[in-house]
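Inspection log for the structure reproduced underneath, given as structure tokens.
Both backbone and side-chain heavy atoms feed into the values below; hydrogens, waters and symmetry mates do not. Predicted model, so just to flag it, every value in this text is computed and none were measured.
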Amino acid sequence: MTCDAAVRAYCRSVGGALRLQKNRKKEILAGLRRELEERFSGAGTLTVEDISAEVGPYDVVADELMDSVPAEEREQYLSWQKWVSRGVIIALVVLLVASVAFFIYTGKSQIARAEEKITVDSVVAIPNYYS
């Protein structure tokens with residue numbers, strides 16, 4: 001694996017473990033990528049395992065990077081994420097209740113069988129106007 005590909009893969013792993021806003025995450029990962037590219041610039045072939053062995057596991061590095069972000073910013077993101085999760089859950093519950101109500105309503109109002117008998121008591125002659 002080339003040095004650039006290994007650094008990108010490692011940064012993706014670290015990015016997945018970061019719990020920050022997208023723009024802040026990009027900023028931190030860009031700095032990490034520059035640092036890793038400088039550190040491993042002389043390496044011909046490099047793997048993610050090589051980077052992990054020298055720098056540390058991606059989740060530990062992500063925790064260290066998270067510590068560099070102010071606590072207020074981290075808490076704000078987690079609070080926002082919690083409200084979004086709650087909103088999605090509420091929307092799914094409302095959708096489920098509406099679906100159940102719809103199926104109950106259509107089940108009760110559905111006609112199971114309709115039968116109609118047509119009887120003819122007398123035959124009526126229809127005049128032929130075209131002859």
Side-chain angles (χ1 to χ4, degrees):
M1 182 180 278
T2 65
C3 179
D4 186 51
V7 168
R8 277 187 286 131
Y10 185 79
C11 287
R12 264 195 314 273
S13 297
V14 172
L18 288 175
R19 300 291 174 229
L20 296 170
Q21 291 179 354
K22 192 178 279 189
N23 58 354
R24 183 73 159 157
K25 189 186 291 191
K26 282 183 181 180
E27 177 184 316
I28 288 174
L29 289 176
L32 175 65
R33 185 173 178 165
R34 281 192 303 272
E35 182 180 321
L36 292 175
E37 285 173 347
E38 288 174 11
R39 188 171 187 172
F40 297 105
S41 62
T45 59
L46 187 67
T47 63
V48 176
E49 291 78 20
D50 295 336
I51 297 173
S52 293
E54 193 162 329
V55 177
Y58 70 91
D59 52 345
V60 173
V61 172
D63 289 341
E64 291 172 0
L65 291 171
M66 290 276 293
D67 290 340
S68 68
V69 176
E72 181 180 309
E73 187 175 337
R74 286 181 292 180
E75 289 173 10
Q76 181 182 13
Y77 175 76
L78 293 175
S79 173
W80 175 81
Q81 194 175 33
K82 181 173 63 173
W83 282 106
V84 167
S85 299
R86 286 180 182 173
V88 168
I89 290 171
I90 289 170
L92 289 174
V93 167
V94 167
L95 183 62
L96 177 67
V97 169
S99 298
V100 169
F102 172 76
F103 286 119
I104 289 173
Y105 173 75
T106 56
K108 286 185 177 182
S109 64
Q110 186 177 14
I111 298 174
R113 182 175 173 194
E115 189 174 314
E116 184 176 325
K117 285 187 175 182
I118 301 174
T119 58
V120 179
D121 291 335
S122 62
V123 177
V124 178
I126 301 174
N128 188 358
Y129 294 107
Y130 300 107
S131 48

Q.
Would you compute the distance between atom SG of Cys11 and atom CD of Glu35 and round it to the nearest 0.5 angstrom?
A. 9.5 Å
(Q) Taking side-chain hydrogen bond (donor to acceptor under 3.5 Å, both in side chains) as the cut-off, I'd like each qualifying pair that reaches into residues 9-24, sequence neighbours left out, listed once. (A) Arg24-Glu27, Arg24-Glu73
Q | Results of side-chain contact (heavy atoms from CB on, under 4.5 Å) for Asp63 - residues two or more places apart only | A | none
Q: Look up atom CD1 in Ile51 and atom SG in Cys3, then write down how far apart they are to the nearest 0.5 Å.
A: 6.5 Å
Q) From Leu20 CG over to Leu78 CG, what is the distance, rounded to the nearest 0.5 angstrom? A) 8.5 Å
**Q.** Close side-chain approach of Arg74 to Asp67, heavy-atom, < 4.5 Å
**A.** yes
**Q.** Salt-bridge present (Glu38, Arg34; N to O < 4.0 Å)
**A.** no
Q) If you round to the nearest 0.5 Å, how far is CG of Leu18 from OH of Tyr77? A) 9.5 Å
Q) Side chain of Ser79, backbone of Glu75: donor and acceptor closer than 3.5 Å? A) no
Q | Atom pair CG (Asp59) and CE (Met66), whose distance is rounded to the nearest 0.5 Å | A | 12.5 Å
Q) Roughly how far, to the nearest 0.5 Å, is CH2 of Trp83 from CD1 of Ile90? A) 8.0 Å
Q) Would you say the side chain of Glu37 lies within less than 4.5 Å of the side chain of Arg33, judging by non-hydrogen atoms? A) yes
